[in-house]
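The figures here come from the full heavy-atom set of this structure, side chains too, leaving out hydrogens, waters and symmetry mates. Quick note: residue numbers are just sequence positions, from 1. Note that the coordinates shown come from a computational prediction; the quantities given were computed from them, not determined experimentally.
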Amino acid sequence: ISLHKRFGNVRLRISAQGKEFNPLLFDEIADDDPDTFSHVDILRSYHQYLRYFYRGNKNIIEIYVHKSETKEIRNTLLGLVFGLLLGVLLKQFVDVEVLKWINYNVLDSLQLIFMKALMLVVTPMIFFSIITGISSMSDVTYIKRIGGKLVAYSLLKLSFYIVVGMIIGHLIGVMPQLLKVFQHGGETMPQTLSIRNLIVDIVPSSIMSPFLENQMLQTLFLAFLFGVMLSRPGEHMDWAKKGVEFMSSFTIDVLGVISKCIPLIVMVSMVELMIKSDISILLSFGKLIFFAALGLPLSLLVSTALVALFGHTSPIGFLGKISRFIVLPFSTSNSSVCMPATMKFCIEKLGMEKNFVRFSISMGMQFNMAGTAFYVAIISMMMVHTFGIDLSLDFLFSLFVAELFLALTGIGIIAMPTLFGAMGIPTEAIMFFIGVEPLMDMPGTAHSVNENITSSYLVACQEKRIRNL
C-alpha cells in the first residue's frame, strides 16, 4: 500500500502479486468467502474514483483520495501556452496556402463543432438551474423580508460593477488584432439589441423558441415564470420539482463533459489567432486580465465603506478579516466549493447567526456574481469597440440590462455567445476569451464571494442577527 501525490491529486495505490483479478468485474469472482465479497464491495463503492490495471505480474488498484480543484485551470492554461507557441511556429515555417487549408478544414471545423455542442446544452442548463433556484427558495420562511433585502443589496451592487466594467471596457477600447481574424472569415450578425426588442422579444412566441433560437432573455423569462409557479406550496408540485432538479443536475453533468474539451479548443483558438494575427495580441489580453483583476480591490474598498456606513462596524476590522479569508475562493476559483468555509467564516469570524447564514449565503450566491459580471462587462465593451458598433443610449441601456440578466445565471463567458449574437458580433469570438478566463476567474470568484458575505452582513446588522464575539 502506498500514497502518491502529483499536481494536487492524491492517489492510494494497493498492489498484490498473482494472477490477473479485476474486482470490478463480478463474473470473475468465484470465491465463496464472505470476507472476499465484503472487501470487493468496499472497493466497488468507490468505483467512480477507482481504476484497475495489471502490470508486472501485479494486480494494481488506484483510488483517488483527492482530486485537484485546479486541474481544469492548469490544462486550460497549458492549452493557451501550447497554442500560442504552435501558432507562431506554423506561421514561421509553413506555407501560406497550407495554413489556409489547416485553418479552414481543421481549426474552424473544431471550433464550430464545439460551439454547436455548447449551445446545445447551455440554454437548457440555465433554464432548469434558474427554476430549481427559485422553487427551492420558497420553502424558506425569511424569503419575504430578509430575502427581499438580500436581493435588493445584491442587485444594486451588481449593477454598479456592470457599469464600472462597461466604463473600463470603453477605456481599453479596440482589439485590432482580433478584428484581423474575422476579416479572414467569421460572419457578423445583424445587431438586434435595443430597448424595444428587450421589452417585446422577452416573451417568446412559443415555448420551444428560446431553446431553438438560443434566446437567453426569453429563456430567463420562462425560467422565472415556471420557477414562481413551482414555488407554490402543495404536494402536487413535488414530482415536478424533483424532475426539474434532475434535469438541472443532468444538464450540468453534460456541460461538464463538453467542458473537458475546453483546453483543446483554447489551443486551437490560439493557433488560429497567431496564424491570422501576431504576438502583439497578448498586450490586449494583458490589459483585459489586469483590469479584470482590479475588480477585487475595488470590491474590498466598496464593501468596507458599505459596512462602515450601514453596518456601523469598524471598517479596518472587517477589511482585515475578509482580506485573509478571500485567499480561499481566489485559489479555488469556485464559490460553491468554498461555500461551507464561507458559512463558517460568517458565523465564527463575523458573528452572524447560524440559521441566518445558511439561508443568506446559499441564496446570495445566485445574486452576487459581481466578479463574473465585472469582467464580462469589460469584454462586451471591448468587442463593441472592436467591431465598430454605434454607442447609442438605447444600445448601452439594453446591453446593461442584458448583462444584468446574464450575471444572474452565474455562468459567465460560456453564456456570452447569445449576447454577442444580439450585439451583431460573431459568436465564435468567445473562443478567444475562454483561454484567459481562468486568470480572470480567480479574482472574479473572490470578488463574488466578498459581495455575498457583505450583502449577508449588512442584512444581518439591520435584522439584529449579529452575536457579540
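The nearest pair of heavy atoms linking E403 to A377 is OE1-CB, 3.3 Å. Smallest separation of non-hydrogen atoms from F420 and P426: CD2-O, 3.9 Å. The heavy-atom pair separating L158 from A373 by the smallest distance is CD1-CB, 3.8 Å. In this structure, I265 and L110 approach most closely via the heavy-atom pair CD1-O, 3.8 Å.
Counting non-hydrogen atoms of other residues, nucleotides and ligands closer than 6.0 Å to OH of Y104 gives a total of 12 or fewer. Under a cut-off of 6.0 angstrom, the local environment of CG in L212 is crowded, with over 12 non-hydrogen atoms contributed by other residues, nucleotides or ligands. Other residues, nucleotides and ligands place no more than 12 heavy atoms under 6.0 Å from the CZ atom of F405. In L3, the CG atom is crowded: over 12 heavy atoms of neighbouring residues, nucleotides or ligands sit closer than 6.0 Å. Around NZ of K287, the count of heavy atoms belonging to other residues, nucleotides or ligands within 6.0 Å does not exceed 12. Remark: F250 CZ is loosely packed, at most 12 non-hydrogen atoms of other residues, nucleotides or ligands lying under 6.0 Å away. Atom CZ of F211 has more than 12 neighbouring heavy atoms from other residues, nucleotides or ligands inside a 6.0 Å radius.
Side-chain rings of F128 and F246 stay apart, their centers remaining 6.0 Å or farther from each other.
In this structure a side-chain-to-backbone donor-acceptor pair under 3.5 Å is present from S209 to S206. Panel note: side chain S448, backbone G371; a donor-acceptor pair is recorded below 3.5 Å. Without hydrogens or angle criteria, N105 side chain to W101 main chain gives a donor-acceptor distance under 3.5 Å.
If you take CG on N452 and CD1 on I361, they are separated by 4.5 Å, rounding to the nearest 0.5 Å. Separating the SG atom in C346 from the NZ atom in K321 is a distance of 11.0 Å, to the nearest 0.5 Å. For the atom pair CD (Q111) and CD1 (I434), the distance works out to 9.0 Å, reported to the nearest 0.5 Å. In this structure, OG in S269 is found 9.5 Å from CG in D108, a value given to the nearest 0.5 Å. The structure places CD1 of I168 at 12.5 Å from CD1 of I379, a figure rounded to the nearest 0.5 Å. Here the straight-line distance linking atom CD1 of I322 with atom CZ of F318 works out to 5.0 Å at 0.5 Å rounding.
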For ring-ring contact (aromatic ring centres under 6.0 Å, His included), just list the numbers for Y375 and F291, CA-CA rounded to whole Å, side-chain angles, deciding distance to a tenth of an Å, and then say yes or no.
CA-CA 8 Å; Y375 67 73; F291 283 105; over 10 Å; no
Run N450 and S303 through side-chain hydrogen bond (donor to acceptor under 3.5 Å, both in side chains) and show every step you take.
CA-CA 8 Å; N450 174 54; S303 297; 3.0 Å; yes
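For the residue pair E451 / Y161, a side-chain donor-acceptor distance below 3.5 Å is found, with atom types taken as modelled.
Residues N59 and F53 have side chains not in contact (no heavy-atom distance under 4.5 Å, counting atoms from C-beta outward).
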